[in-house]
There are 2 protein chains.
Amino acid sequence: MIVSNPAAKDKGNGASGHATIRDVARAAAVSTATVSATVNASAYVSPALQQRVWAAIERVGYQPDAVARSLRKGVTRMLGLLLADITNPFTTAVVHSMEATAHARGYTLMLCNSDEDAAKEETHLRLLRTHRADGVVLMPVGTGADYAARMARLLRIPAVLVDRRIRDLALDLVTTDGAAGTRAAIAHILALGHRRIGIVTGPPGVSAGDERLAGYRAALDGQGIPFDPRLARSGDFRHGPAYAATRAILEGEDPPTALFACNNLMAIGMMRAIADLGLSCPGDLSVACFDDFEWATAFQPRLTTVAQPTDAIGATAVELLLDRLAGAAPDEPRQVVLAPRLIVRDSCAAPSR
Amino acid sequence: MIVSNPAAKDKGNGASGHATIRDVARAAAVSTATVSATVNASAYVSPALQQRVWAAIERVGYQPDAVARSLRKGVTRMLGLLLADITNPFTTAVVHSMEATAHARGYTLMLCNSDEDAAKEETHLRLLRTHRADGVVLMPVGTGADYAARMARLLRIPAVLVDRRIRDLALDLVTTDGAAGTRAAIAHILALGHRRIGIVTGPPGVSAGDERLAGYRAALDGQGIPFDPRLARSGDFRHGPAYAATRAILEGEDPPTALFACNNLMAIGMMRAIADLGLSCPGDLSVACFDDFEWATAFQPRLTTVAQPTDAIGATAVELLLDRLAGAAPDEPRQVVLAPRLIVRDSCAAPSR
DNA sequence: AACGATTAGCTAATCGTTTCGGAGGCCATG
DNA sequence: CATGGCCTCCGAAACGATTAGCTAATCGTT
């Protein structure tokens with residue numbers, strides 16, 4: 001039996017698409033107020049009437065209209081989700097956890113992707129406002145000096161920042177301690193005996209990347225190793241530029257014996273460059289990167305990574321936001337910085353030279 | 001200068017959060033009908049008045065309320081996005097393209113993730129209905145015999161299926177030709193001289209996986225090679241089970257000289273198992289898989305894959321759905337099957353034995 | 001028996017738009 | 001000058017829920 005498209009068929013409840021609360025009221029011979037009260041348990045309704053109302057609801061196939069409810073209550077139970085890049089596996093891991101927490105608390109997410117484009121971000125923000133989202137989870141893309149001011153003007157709803165800070169804009173925030181994570185990774189590499197360690201960084205100005213670079217310098221400092229700018233190049237958090245940056249570092253004079261990529265995407269470009277240069281890992285070169293991901297263990301050798309607690313990040317971000325919506329938050333912004341975890345696998349070894 | 005949380009400050013337009021169309025009307029000394037007409041260009045308004053209205057809008061900082069508009073018009077310009085697994089890179093690639101097309105057409109996506117769980121799927125579908133989504137993009141998770149009937153009852157809004165069919169339920173659909181893609185990959189492996197080729201399949205009953213298995217059998221058939229059930233095991237589209245399936249196949253008697261994974265996640269498990277068994281690729285074993293992904297080229301050797309046209313899938317799905325919403329679609333469902341592309345890299349070579 | 005307190009359910013206003021039908025004003029025509 | 005037909009704009013009724021305020025009815029107390 002082939003069931004045909006149900007949307008094309010008669011809905012079975014009259015001409016209009018949906019049964020309304022008035023249909024229920026009529027069917028149960030009560031007022032709409034009573035129906036509303038029994039559905040929401042917002043006022044006393046005698047057991048007998050409740051029974052009748054529920055039966056009527058069942059009979060006419062009533063489903064409350066969230067749009068009408070939102071209009072009346074001034075609250076939509078929708079959260080905007082404004083992402084810098086939805087194809088990044090770190091992002092999707094975080095989103096996965098956000099979706100679960102939000103739905104568990106009765107909220108739905110409106111998905112927007114800014115594609116690392118500040119103009120799109122602005123458009124989306126405006127859209128979220130006209131749709132009356134109760135709040136926004138934001139992975140911001142901007143870096144400029146006036147960015148904070150522009151966002152402040154645009155952001156007229158409660159917001160929580162994830163992963164990246166906005167300089168000079170104090171908002172709720174959840175992020176990972178990038179400096180500590182990178183410091184731990186570099187310390188691990190140093191402990192194996194390396195002294196020349198290269199790093200491919202994010203675009204300058206983006207907090208997440210800057211912190212990681214700072215962690216790298218701190219680790220070097222700890223061993224009294226001076227920072228060599230020839231060993232640090234920006235890969236713009238993307239794999240293409242990271243490929244070029246890696247080659248530039250390795251083809252320079254006095255190349256490093258180990259490399260660190262400041263995010264997952266750049267690790268791809270780095271691995272590709274290393275392969276193209278005919279170098280073996282960890283024989284010729286040790287490698288590690290920020291962000292853990294499923295594929296890390298499928299590589300040969302399995303990649304040593306700094307894992308962010310993606311589940312906690314997503315859940316915390318949504319909870320921070322919902323607390324604020326509920327008025328259960330102090331006025332000053334709360335900033336949660338979670339601890340990363342170094343996962344040592346096989347891609348780092350003692351230097352051969 | 002630190003800009004503080006703008007949501008905590010005065011909104012600058014009276015006590016209420018937003019300026020309404022009445023505020024604009026009052027400020028411009030016109031009726032709300034005129035404001036609506038100029039904002040939507042839905043009726044003639046003299047240039048002079050238009051000017052006044054726009055000025056007033058600017059002055060009071062008016063932004064139309066999509067909730068109220070939806071209630072009145074009976075249309076929300078929101079699409080439900082009900083995914084089986086948002087962390088899968090194939091899914092996110094498709095979602096990326098859907099988001100772009102939907103926003104370009106003025107639609108917003110409501111994100112729901114069913115986590116391969118039919119019960120969650122049902123809950124989310126109900127939620128999307130109460131939120132009055134105009135339509136749904138669905139990557140379904142169910143397989144049972146009564147699944148089609150349950151979905152038909154639940155699905156009271158236009159829907160388009162992506163990637164997977166629902167048996168006995170005729171709906172708009174966009175998918176990749178899994179049989180053709182797998183056939184091409186297996187033919188490539190056969191052409192290299194392999195005769196014993198193993199396959200790790202998806203959960204039986206899920207159309208996407210079943211088709212790929214069928215393509216495998218067809219390719220073998222073409223060379224007169226009989227199907228050997230010991231070489232085909234289910235990995236349930238997940239990496240854990242795929243790891244076990246791969247080991248089982250390779251540790252059996254008369255093991256294959258080549259392996260095919262029916263999706264990206266299972267390729268991870270497969271590569272891990274191969275490494276753990278101490279086998280080299282493509283020296284001891286050739287490997288290919290369905291689904292291309294960024295990491296495929298970072299592997300050593302770079303993986304040969306069957307790429308799905310993810311951009312086209314996402315865009316087509318949304319367009320099919322919007323066409324139907326606009327009434328610009330025939331009653332009978334349209335099914336778009338796109339061609340996959342075999343990307344030959346380095347993970348397949350002639351058998352050593 | 002009268003009165004006030006309490007209770008159960010209803011009436012109607014409201015949220016912010018869109019849109020239908022009309023109301024004037026203006027022009028051309030006979 | 002009356003008539004009719006535009007043109008512009010406005011008033012008010014929806015859309016489907018929630019909820020403040022009200023009306024009876026019931027009950028206990030004196």
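Chain letters run A, B, ... following the sequence lines, proteins first, then strands; residues in each count from 1. The analysis underlying the following values was restricted to heavy atoms, covering all of them including side chains, and did not include hydrogens, waters or symmetry mates.
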Pair R164(A) + E116(A): basic N to acidic O under 4.0 Å: yes
For atom CD of Q50(A) and atom P of dA8(C), their distance in whole Å: 11 Å
Any donor and acceptor pair, going by atom type alone, linking the side chain of Q50(A) with main-chain N or O of V45(A) inside 3.5 Å? yes
Do the side chain of E122(A) and the main chain of M151(A) share a donor and acceptor less than 3.5 angstrom apart? no
Here the distance between atom C1' of dG16(C) and atom NE2 of H131(A), to the nearest Å, is 15 Å
What side-chain hydrogen bond (donor to acceptor under 3.5 Å, both in side chains) pairs are there with at least one residue in residues 53-62 of chain B, not counting sequence neighbours? none
List in numerical order all residues of residues 62-70 of chain B for which some heavy atom is under 4.0 Å away from an atom belonging to DNA chain C. Y62(B), Q63(B), P64(B), D65(B), A68(B), R69(B)
Spacing of R22(A) atom CZ relative to dA13(C) atom P, expressed in whole Å: 13 Å
Interatomic distance, D23(A) CG vs dG16(D) C1' [rounded to whole Å]: 10 Å
Hey, what do you get for CG (L155(A)) to CD1 (I166(A)), rounding to the nearest 0.5 Å? 7.5 Å
Going by ring pair (Phe, Tyr, Trp, His ring centres under 6.0 Å), name the residues that satisfy it together with H131(A), two or more places apart in sequence or in a different chain. none
In B/S/- notation (B base, S sugar-phosphate only, - none; protein heavy atoms under 4.0 Å), nucleotides 4-13 of chain D written 5' to 3' is ----SSBBBB
Pair D323(A) + R105(A): basic N to acidic O under 4.0 Å: yes
Dot-bracket for DNA chain D, 5' to 3', counting Watson-Crick or G-U wobble pairs under 3.5 Å, with [ ] for crossing pairs and | for inter-strand pairs? ||||||||||||||||||||||||||||||
Rounding to an integer number of Å, can you tell me how far R26(A) CZ sits from dG9(C) C1'? 18 Å
Length of the line joining L71(B):CG and dT18(C):C1', which is rounded to integer Å: 10 Å
Given 3.5 Å as the limit, does a donor-acceptor pair link the side chain of T76(A) with the main chain of R132(A), or not? yes
To the nearest 0.5 Å, tell me how far L81(A) CG sits from L111(B) CG. 7.0 Å
Tell me: NZ of K73(A) to P of dG16(D), nearest whole Å? 19 Å
Quickly, which of N40(B), T38(B), T34(B) forms a side-chain hydrogen bond (donor to acceptor under 3.5 Å, both in side chains) with S36(B)? Name it, please. N40(B)
Quick note, salt bridge (charged side-chain N to carboxylate O under 4.0 Å, His left out) partners involving residues 66-79 of chain B, not counting sequence neighbours, are none
Nucleotide dG16(C), atom C1' - distance to CZ of R132(A) in whole Å: 9 Å
